[in-house]
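Let me begin by presenting the structure, written as structure tokens, before commenting on it.
Keep in mind that the numbers below use all heavy atoms, side chains included, and drop hydrogens, waters and symmetry copies. Order of the sequence lines fixes the chain letters, A, B, ..., with proteins taken first and strands second; residue numbering starts at 1 for each chain.
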2 protein chains.
Amino acid sequence: MYTESIEDYLKAIYEIQKEYGKVSTNSLSEKLNVAPASVTSMIKKLSEKKLVTHKRYQGVKLTKAGQKISLEIIRHHRLIELYLAEALGVPWDQVHEEAEKWEHVLSEDLEDRMDAVLGHPTRDPHGSPIPSRDGTITELDSIPLADLRSGQSAVVAEVSDHDPDLLRYVGKMGLYPKTKFKVLSIEPFNGPIKIQVEGSEHILGSGAAQYVFVTEVELPQSEMT
Amino acid sequence: MYTESIEDYLKAIYEIQKEYGKVSTNSLSEKLNVAPASVTSMIKKLSEKKLVTHKRYQGVKLTKAGQKISLEIIRHHRLIELYLAEALGVPWDQVHEEAEKWEHVLSEDLEDRMDAVLGHPTRDPHGSPIPSRDGTITELDSIPLADLRSGQSAVVAEVSDHDPDLLRYVGKMGLYPKTKFKVLSIEPFNGPIKIQVEGSEHILGSGAAQYVFVTEVELPQSEMT
DNA sequence: AATAGAATTTAGACCCACCTAAAAATAATA
DNA sequence: TATTATTTTTAGGTGGGTCTAAATTCTATT
Ligand SMILES: [Mn+2]
Ligand SMILES: [Mn+2]
Ligand SMILES: [Mn+2]
Ligand SMILES: [Mn+2]
């Protein structure tokens, strides 16, 4: 078993790698709220343990072993989030914090039991895919809601789960994963977006729309090719 | 919040205090599997934080503040044990290990939700009382099964939860809390004990009988006063 | 009361994860 | 290309929790 710290680093590396491709010391420093110097020394440790490869001043990359552990922790995290939401009614903006701690002490046995109770789910409450036990994951290809145009319809795929305020904000307008909605209007220069969700209209700030990812985009008739 | 280590020390101190009255450095060393020297230095820390009082070479005693935290952790531990058993079907010999870790990262909110789902229970799967939110606990007054005599009936109150093998052993004969049974015979010099549980007979070693605590003892007619 | 044995504490050290301040390497810009 | 700015690493230090080996203090026994 690895320390909580190591597991959190590996998870962060996986996530940054996925989002930006390259994983710099500074990006880890920011994500994990530790000083860059601390990251450097942890990188040295991870590198000695062959969990990441590292070229000085060039960022890190997960090894096969590192990715395995990383996905194992992400599986814990997301199963826990979903379990808390489903079985104990924890609101979706609070599950992340709880999972952040619990993920490190969850036994494999309990992981399996939760998985079974939930019916072997594939998505967490924010729409993120849950890696399978053997460490495979199918990332979604979705686009930010902010990139849609007037008249388009789409389905919410995933909402970033790192800011509880954001989750409460978009939750208030019903923008949960799998929810279909339509863009009524979108103002230029990152202006507000008017959307229709299940009959009612809402105004969504472009900042938030950056963190809501959508799929199944339908063009309005007039713009079909 | 306190560290996991501090919480485990406080919990151990509470338990030893309850069982033996006096809490020595060595008893903590054994219970926590750390060197006596480590205990001494932790005691110094707990003492500075006013969680225990300590007279050199004389053992420690929880302060009000120390007891409060201790009972808070014990509440977490026992609620978790019960939740795992009830909601996820974890066998009673495995819940302790899982709880030992999770207890330190459980939020108050989740504690309350589990408590509610379980219907505000008062006993964990091993029969131990669950402290209330405000830190009160009513310890049972029970006696070891080993102290019973031939012909007596009693009800299982509590089984020590620190040895999974013991739990599986007594579990096999159905000696769960609230189970009524009768002593058919008991051999002298710590000999084996023959008991009847729900119709069927079992032989119980005296070692195990030391860790099964019973209550509601009924004398056989012939020995009534 | 003296002494042997047991329990406890002190001394000194290790590993982990973090920090700040300063140096070094890389990237951006004039 | 030379200079400046940014990023990353090194150097040195702290606190938390543990260890072993050596003192100290208490307890039991003669
Ligand atoms: Mn975490
Ligand atoms: Mn999530
Ligand atoms: Mn514990
Ligand atoms: Mn228990």
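If you measure from atom CD of Glu7(B) to atom P of dG17(D), you get 11 Å, rounded to the nearest angstrom. Rounded to a whole Å, the CD atom of Gln58(A) is 11 Å from the C1' atom of dA27(C). Atom P of nucleotide dC16(C) and atom NZ of Lys44(A) are separated by 13 Å, given to the nearest angstrom. Distance, Leu46(B) CG to dT18(D) P: 11 Å, rounded to whole Å. The nearest whole Å value for the distance from the CG atom in Leu10(B) to the C1' atom in dG17(D) is 15 Å. At whole-Å resolution of the value, CG in Leu28(B) and C1' in dA7(C) are 13 Å apart. If you measure from atom CD of Glu4(B) to atom C1' of dC16(C), you get 15 Å, rounded to the nearest angstrom. Distance Lys22(B) NZ to dT27(D) C1': 11 Å, rounded to the nearest Å.
For dT18(D), one of the phosphate oxygens OP1 or OP2 lies less than 4.0 angstrom from a side-chain nitrogen or oxygen of Ser5(B). For His54(A), no side-chain nitrogen or oxygen approaches OP1 or OP2 of dT8(D) to under 4.0 Å. Note on Asn26(B): every side-chain N or O is 4.0 Å or more away from OP1 and OP2 of dA6(C). Between Lys45(A) and dA17(C), a side-chain N or O to OP1/OP2 separation shorter than 4.0 Å is present. Residue Arg56(B) has a polar side-chain atom (N or O) positioned under 4.0 Å from OP1 or OP2 of dT10(C). The phosphate of dG17(D) (OP1 or OP2) has a side-chain N or O of Thr3(B) nearer than 4.0 angstrom.
Counting non-hydrogen atoms under 4.0 angstrom, Tyr2(B) reaches nothing in the nucleic acid. Across all strands, Ser41(B) comes closer than 4.0 Å to base atoms (heavy-atom distances). Residue contacts for Ser38(A): at a heavy-atom cut-off of 4.0 Å it reaches a base atom on one of the strands shown.
If you look at His77(A) and His96(A), their ring centroids are closer than 6.0 Å.
In this structure, Asp115(B) pairs ionically with Arg75(B), as a charged nitrogen and a carboxylate oxygen lie closer than 4.0 Å. With salt bridges taken as basic N to acidic carboxylate O contacts below 4.0 Å, one links Lys11(B) and Glu103(B). The pair Glu72(B)-Arg133(B) does not count as a salt bridge, with every side-chain nitrogen at least 4.0 angstrom from each carboxylate oxygen.
In terms of polar N and O atoms assigned as donor or acceptor, the side chain of Tyr57(B) comes within less than 3.5 Å of the base of dT24(D) in a complementary pairing.
Mapped onto DNA chain C by nearest heavy atom, Lys49(A) and Ile43(B) fall at different nucleotides, with Ile43(B) at the one closer to the 5' end. For Thr40(A) and Pro36(B), each mapped to the nucleotide of DNA chain D holding its nearest heavy atom, the one lying further toward the 5' end belongs to Thr40(A).
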Practice prompt. Take Glu158(B) and Arg123(B), measure what salt bridge (charged side-chain N to carboxylate O under 4.0 Å, His left out) needs, and give me the verdict at the end.
Written response: CA-CA 9 Å; Glu158(B) 195 172 354; Arg123(B) 295 289 160 76; over 6 Å; no
